[in-house]
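Only one structure is covered here, and it is reproduced in the block below.
Any value given below was found using the heavy atoms of this structure, including those in side chains, with hydrogens, waters and symmetry copies removed. The structure displayed is predicted, hence computed values, not measured ones.
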Amino acid sequence: MAEGRSGTAAGGQLEERVDLTKETDAKLAQSQSLPLKEALALLGGLEKQCRIGNDLPNLVRVCEASMQLAKDSGDDAVVVQTLEHLASRRSQKTKAISALVAKCLPWVLTEKSHVPLAVTSDEQKESRLKLVVALRDITDGKLFLEAERARLTRALATIKEEDGDVAGAAEVLQDVHVETYGSLSKREKVEFILEQMRLTLAKQDFIRASIVSGKINRKNISEEGMEALKTKFFHLLTKVHRHEKDAFDLAKDYQSIYSTPTIMEDDAQWKEALQYTLLFLALSPYSNEQQDMMNRIFLDKNLEKIPAFRATLELLLKKEIINYPLAQQAELEGAIDANDAELASHWKTTLHTRIVQHNVRVASIYYKRIHGKRLASLLGLEPAVLEQEISNMVSEGSVYAKIDRPSDVVRFSAGKTPEAVLSDWASDISSLLHLVDSTTHLIHKENMTK
């Protein structure tokens, strides 16, 4: 084997490597005393030799030296041109490309961060933008540069957002499916996805924000040390659910925020989260899940510190008719976000509707048949309004009812077929005969013991 060569195996199974250390040292020193154009040309020829000779250590040194020369020249166009030229060379080694990206990142980003370096002029801003775009193009599709591409993408989004292009920033982030990146930690992935959510919400794209939220694993953000990301995620999610006017999902969002250890340490924060949880539970449609959540929260001792909301929850859990407006109506309406007048009006109307629905369900428990006017009087409603509400509840399947308008009678019990009546009669007779038989047996037993 010739001197300076290594790595050759029989059959050509391993690539041949040429050691160009001496030549590299000499030319690197020589390049320092040459004009920029000649120095880059000299190093370009050396780069080709190292690349063809598979001398990776020296190839990396040459690439880094070329970039440093371009940077020291103060010409940002030369920096971008040199970077693209070296990265796009035929059969360029992955280590060389990684070294080029690692060399240039500190020129546009703060250390180990996605935050762009501060600039003081429009010229610097333009140069920074061009280098970030060039680096993103180089890292595109390269698995070994996933982390760098994610950082550069966030930096580009930040730059666009600072320039007022929120839609452009959101579009840049959407192109990166960070959840598939194996080189990023769980925390980095969650932070990136949260940024995607924030920007999509900033441009009022609630559907995409809802889709993006599904990429976050709830178990991951519930781990220790992820409390800040968990609260940020659920606060962003509340914006989606407010837009959808989904009260029960909002209740679950705020309950998740309330259960976060760091929130529990701050009285103001946990009180706000718990108040919103109870408020949106009261605004939620009746369901088994809603009732279960209500009963579990009712056991929380912290409810004693927010008596108005505790009283509301207690009323909704009792099988009793609730008078409207509530005694604590002002406190409940005060907790509703008044920034959006239309949404605030919707929640106030919904609260009245939920109280009426609760009262109708209570009436259906205690009455099989009742006159419509009498029921309207009990619930404090106009007969037409009551009829409409009962019709809506029947359509939703939350209560069984039939209204006989000519007779003004509301029936809450379903009529039985002859087969059902006969089956019930047979069951009652069977129970009676069993009771008679048991009683006779006990009498005989008592007589035998005398």
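- Judged purely by atom type and a 3.5 angstrom limit, Ser98 has no side-chain atom pairing as donor or acceptor with the backbone of Lys95.
- For Lys130, the NZ atom is loosely surrounded, since the number of other residues' heavy atoms within 6.0 Å does not exceed 12.
- Within 6.0 Å of CG in Leu117 there are more than 12 heavy atoms belonging to other residues, nucleotides or ligands.
- The shortest distance between side-chain heavy atoms of Gln49 and Glu23 falls below 4.5 Å.
- Ionic pairing of Arg198 and Glu161 is present here: one or more N-O contacts between side-chain nitrogen and carboxylate oxygen are shorter than 4.0 angstrom.
- In this structure, the side chain of Asp163 does not engage the main chain of Asp165 through any donor-acceptor pair within 3.5 Å.
- Atoms CD1 and CD, on Ile306 and Gln275 in that order, are 5.0 Å from each other to the nearest 0.5 Å.
- Scanning all heavy atoms of the two residues, the minimum distance from Leu20 to Asn58 falls at C-ND2, 3.5 Å.
- Residues Phe192 and Ala150 come closest through the heavy atom pair CE1-O, 3.4 Å.
- Taking CZ of Arg310 as the start and CG of Leu274 as the end, the distance is 11.5 Å to the nearest 0.5 Å.
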Q: Given side-chain contact (heavy atoms from CB on, under 4.5 Å), test Arg361 with Met393 step by step and report yes or no.
A: CA-CA 9 Å; Arg361 280 192 298 272; Met393 294 179 70; 3.8 Å; yes
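- In the displayed structure, Glu64 atom CD is contacted under 6.0 Å by more than 12 heavy atoms of other residues, nucleotides or ligands.
- Distance check: Leu250 CG to Lys245 NZ gives 12.0 Å after rounding to the nearest 0.5 Å.
- With hydrogens and angles disregarded, no donor-acceptor distance shorter than 3.5 Å links the side chain of Ser345 to the backbone of Glu342.
- Using a 4.5 Å heavy-atom threshold, the side chains of Arg128 and Pro116 count as touching.
- Taking 4.0 Å as the cut-off between side-chain N and carboxylate O, Lys305 and Asp267 do not count as a salt-bridged pair.
- The heavy-atom pair separating Ala157 from Val172 by the smallest distance is N-CG1, 4.5 Å.
- Residue Ile216 holds its CD1 atom at 13.0 Å from NZ of Lys230, rounded to the nearest 0.5 Å.
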Q) Can you list the steps and then say if Lys93 with Asn54 is a side-chain hydrogen bond (donor to acceptor under 3.5 Å, both in side chains)? A) CA-CA 9 Å; Lys93 309 300 181 184; Asn54 295 306; 2.9 Å; yes
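- Taking the charged nitrogens against the carboxylate oxygens, Arg61 and Asp25 do have a contact shorter than 4.0 Å, which makes a salt bridge.
- Because its NZ or CZ atom is not both nearer than 6.0 Å to the ring centre of Tyr181 and within 45° of the ring axis, Arg151 does not count as a cation-pi partner of that residue.
- The aromatic rings of Phe206 and His243 sit parallel to each other, their planes meeting at less than 30°, with 60° as the upper class boundary.
- Of all non-hydrogen atoms in Gln290 and Ser284, the two that sit nearest each other are NE2-O, 3.4 Å.
- Two residues are said to be in side-chain contact when any heavy atoms from C-beta on lie closer than 4.5 Å; Leu59 and Cys63 meet this criterion.
- Using modelled atom types, no side-chain atom of Gln124 and backbone atom of Asp122 make a donor-acceptor pair closer than 3.5 Å.
- Using a 4.5 Å cut-off on side-chain heavy atoms (C-beta onward), Trp347 and Phe280 make contact.
- The two residues Cys50 and Thr24 have their closest heavy-atom pair at SG-OG1, 4.0 Å.
- In this structure, Glu272 and Tyr276 have side chains that are in contact, with non-hydrogen atoms separated by less than 4.5 Å.
- For the pair Val356 and Val385, the minimum side-chain heavy-atom distance is 4.5 Å or more.
- Taking the side chain as every heavy atom from C-beta outward, Lys189 and Glu179 never approach each other to under 4.5 Å.
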**Q.** Criterion side-chain contact (heavy atoms from CB on, under 4.5 Å) on Thr94 and Leu145, from CA distance to verdict
**A.** CA-CA 9 Å; Thr94 58; Leu145 291 173; over 6 Å; no
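- Judged by distance alone, the side chain of Arg89 and the main-chain N or O of Lys48 form no donor-acceptor pair under 3.5 Å.
- Judged by distance alone, the side chain of His358 and the main-chain N or O of Glu320 form a donor-acceptor pair under 3.5 Å.
- Under 4.0 Å is where a charged nitrogen must lie from a carboxylate oxygen, and between Lys186 and Glu223 at least one such pair does.
- Taking a 6.0 Å sphere around NZ of Lys239, one finds it holds 12 or fewer heavy atoms contributed by other residues, nucleotides or ligands.
- Counting heavy-atom neighbours within 6.0 Å of Arg90 CZ, excluding the residue itself, gives a total of 12 or less.
- One distance of note links NZ of Lys71 with CG of Leu83; it measures 12.0 Å at 0.5 Å rounding.
- Annotation: Asp175, atom CG; neighbour count of heavy atoms from other residues, nucleotides and ligands within 6.0 Å is above 12.
- Side chain of Arg354 to backbone of Leu283: a donor-acceptor contact under 3.5 angstrom is found.
- The OG1 atom of Thr153 sits 12.5 Å away from the CD atom of Gln174 when rounded to the nearest 0.5 Å.
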**Q.** Stepwise side-chain hydrogen bond (donor to acceptor under 3.5 Å, both in side chains) check, Gln68 with Asp72
**A.** CA-CA 6 Å; Gln68 191 62 52; Asp72 293 341; 2.9 Å; yes
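- When all heavy atoms are compared, the tightest approach of Gly182 to Glu146 is N-OE1, 3.3 Å.
- A donor-acceptor distance shorter than 3.5 angstrom exists from the side chain of Gln196 to the backbone of Val176, with no hydrogens or angles considered.
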(Q) I'd like to know whether Leu317 forms a side-chain contact (heavy atoms from CB on, under 4.5 Å) with Gln291, so could you lay out the CA-CA distance, the side-chain angles of the two residues, the decisive distance to 0.1 Å, and finally the verdict. (A) CA-CA 8 Å; Leu317 288 174; Gln291 290 295 300; 4.2 Å; yes
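- The backbone N or O of Glu188 lies less than 3.5 Å from no partner atom in the side chain of Glu191, so there is not a single donor-acceptor pair.
- Side-chain polar atoms of Asn392 and Gln388 form a donor-acceptor pair below 3.5 angstrom.
- Residues Met67 and Leu86 form a side-chain contact, since some pair of their non-hydrogen atoms from C-beta on lies under 4.5 Å apart.
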Q. What's the verdict on side-chain hydrogen bond (donor to acceptor under 3.5 Å, both in side chains) for Gln328 and Thr312, showing C-alpha distance, side-chain angles and the deciding distance?
A. CA-CA 8 Å; Gln328 57 277 10; Thr312 304; 2.9 Å; yes
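- Checked by atom type and distance alone, the side chain of Asp140 never pairs as donor or acceptor with a backbone atom of Arg136 at under 3.5 Å.
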Q: Carefully, step by step, assess Tyr324 and Asn359 under the rule side-chain hydrogen bond (donor to acceptor under 3.5 Å, both in side chains).
A: CA-CA 10 Å; Tyr324 188 87; Asn359 291 340; over 6 Å; no
